[in-house]
Amino acid sequence: MGRPTAPPGCRRSCCSTIRSAASTCGQLPGPPARATARRVVAYDRLGFGRSDAHPGVLPLDFVAAEARDIVPLLLDRLGIGAFVACGHSVGGGMAVETAARFPARCRALVTIAAQTFVEDRTLAGIREAKQGFQEPAQFARLARYHGDKARWAVDAWTENWLSPAFAGWTLDAALARVRCPVLALHGDRDEYGSAMHPARIAAGRGTVRLLPDTGHVPHRERETEVVEAIRAFLSAP
């Protein structure tokens, strides 16, 4: 699909990045900020990474709830007007919800390895990851990022996605309300989702960039290509 024309103000808007749950993507903000010469605001969701502990359990509508309950507070507190929504993995789904909720302020949407529905491949990857985190060495790697919240983070991620009550979740309604240009980046070997996901995100509204020999963390596996794709997308006339 052809690259959409960036709307007025896209080159000057802030880039707000929502990080994923059980990954370590702390390197995500820096390179895009340098390459695009724009302010990048990246945050860990409540209960994950460097944010405070979550007081309870995630609701089943946690993807939409982030855009509804948390992002407005972030935008207000930091004085962000126009912005580009960007997110990795489930953070990409939250970026979609954010773009849908703020059509007048969201100038562009960038998703990285995002999911749009509960795919068998996604569930298989999560089950394998859940089993892997039973090993002390793998759990210790996660704890370096999430600290003493690591067990809660793993359970919040895996148990929500594997719950039968979550099986019908999709981003279809939110995607129908997205009005800005879209770039959907995805690895062709992503263990948590097939190429159907970026195709659904970009359908009729943007561009898919499928990265070869790449798994679930393209910004770490192919940092240069990802950063350049984002830079070119946001600077398009």
Side-chain angles (χ1 to χ4, degrees), residues 17-28 42-51 53-54 56-66 86-97 111-171 184-198 200-201 210-223 226:
T17 302
I18 307 173
R19 298 180 182 181
S20 57
S23 65
T24 53
C25 55
Q27 76 275 30
L28 184 57
Y43 76 97
D44 293 314
R45 293 153 48 208
L46 186 65
F48 300 94
R50 298 177 184 176
S51 286
H54 195 288
V57 297
L58 288 181
L60 287 176
D61 69 340
F62 69 98
V63 180
E66 192 75 16
C86 175
H88 168 248
S89 191
V90 73
M94 293 169 178
V96 170
E97 291 279 0
T111 65
I112 304 171
Q115 301 91 13
T116 58
F117 65 99
V118 182
E119 185 182 20
D120 288 345
R121 182 170 177 173
T122 310
L123 298 179
I126 291 173
R127 290 189 185 101
E128 183 175 344
K130 180 180 179 179
Q131 181 64 34
F133 286 131
Q134 301 304 313
E135 299 178 12
Q138 287 199 38
F139 187 80
R141 285 207 311 273
L142 196 68
R144 285 201 299 269
Y145 183 63
H146 296 287
D148 58 8
K149 302 184 298 294
R151 174 49 56 193
W152 184 94
V154 170
D155 291 343
W157 173 45
T158 60
E159 299 312 309
N160 270 280
W161 277 91
L162 296 176
S163 169
F166 192 68
W169 170 82
T170 77
L171 281 177
L185 297 159
H186 205 86
D188 67 349
R189 295 188 178 181
D190 191 326
E191 59 271 38
Y192 298 112
S194 70
M196 287 191 288
H197 296 285
R200 289 174 71 151
I201 292 170
L210 196 62
L211 301 164
D213 300 320
T214 305
H216 188 59
V217 195
H219 51 280
R220 184 169 62 204
E221 300 170 59
R222 292 185 176 272
E223 180 182 299
V226 168

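We number each residue from 1, following the sequence as shown.
The closest side-chain heavy-atom distance from R45 to L58 is below 4.5 Å. Taking 4.5 Å as the limit, every side-chain heavy atom of W169 sits out of range of all side-chain heavy atoms of F62. Here the side chains of Y192 and W161 are not in contact, with every heavy-atom distance at 4.5 Å or above. Counting only heavy atoms from C-beta outward, the side chains of F48 and H146 approach each other to under 4.5 Å. Taking 4.5 Å as the limit, some side-chain heavy atom of R144 sits within range of a side-chain heavy atom of R141. Put simply, the side chain of T111 does not reach to within 4.5 Å of the side chain of P198, judged on heavy atoms.
Shortest non-hydrogen contact noted between L46 and A53 is CD1-O, 3.9 Å. F139 approaches A150 most closely through the heavy-atom pair CZ-CB, 3.6 Å. Shown here for N160 and P59, the closest heavy-atom pair between the two residues is OD1-O, 3.8 Å. G47 and A153 get closest at one heavy-atom pair: O-CB, 4.4 Å. In plain terms, the two heavy atoms of W152 and G56 that are nearest each other are NE1-O, 2.8 Å. The two residues A95 and G87 make their nearest non-hydrogen contact at CB-N, 3.8 Å.
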Next on the checklist: Pair L211, V226 - check side chain to side chain contact (heavy atoms under 4.5 Å, CB included), show working.
Outcome noted: CA-CA 9 Å; L211 301 164; V226 168; 3.8 Å; yes
Next on the checklist: For a side chain to side chain contact (heavy atoms under 4.5 Å, CB included) check, start with the C-alpha distance between L171 and R200, then their side-chain angles and the critical distance, and finish with the verdict.
Outcome noted: CA-CA 9 Å; L171 281 177; R200 289 174 71 151; over 6 Å; no
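Looking at residues two or more places apart in sequence or on another chain, you find no side-chain hydrogen bond (donor to acceptor under 3.5 Å, both in side chains) involving T122. Under the rule for a side-chain hydrogen bond (donor to acceptor under 3.5 Å, both in side chains), the partners of R222 that lie at least two apart in sequence or sit in another chain are T214, E225. Scanning for side-chain hydrogen bond (donor to acceptor under 3.5 Å, both in side chains) contacts around E97 gives an empty result, with sequence neighbours left out. Take F117 and apply the ring pair (Phe, Tyr, Trp, His ring centres under 6.0 Å) test, not counting sequence neighbours, and it matches H197. Under the side chain to side chain contact (heavy atoms under 4.5 Å, CB included) criterion, A124 pairs with no residue, sequence neighbours left out. Residues satisfying the ring pair (Phe, Tyr, Trp, His ring centres under 6.0 Å) criterion with H186, sequence neighbours excluded, are absent altogether. Taking S51 as the reference, nothing meets the side-chain hydrogen bond (donor to acceptor under 3.5 Å, both in side chains) condition, with sequence neighbours excluded. For A165, the side chain to side chain contact (heavy atoms under 4.5 Å, CB included) partners two or more places apart in sequence, or in a different chain, are L60, S163.
Going from atom CG of D61 over to atom CD of E66 covers 11.0 Å, rounded to the nearest 0.5 Å. Note that NE2 of H216 and CD of Q115 are 5.5 Å apart. Values are rounded to the nearest 0.5 Å.
H219 and H88 have perpendicular rings, their planes meeting at more than 60° on a 0 to 90° scale where under 30° would count as parallel.
Residue E128 qualifies as open at atom CD: its count of foreign heavy atoms under 6.0 Å is 12 or below.
Applying the salt bridge (Lys or Arg N to Asp or Glu O under 4.0 Å) test to every pair with at least one member in residues 184-197, sequence neighbours left out, gives these pairs: R189-D213. Here salt bridge (Lys or Arg N to Asp or Glu O under 4.0 Å) pairs that include residues 146-160, with residues two or more places apart or in two chains, are K130-E159, R151-D155.
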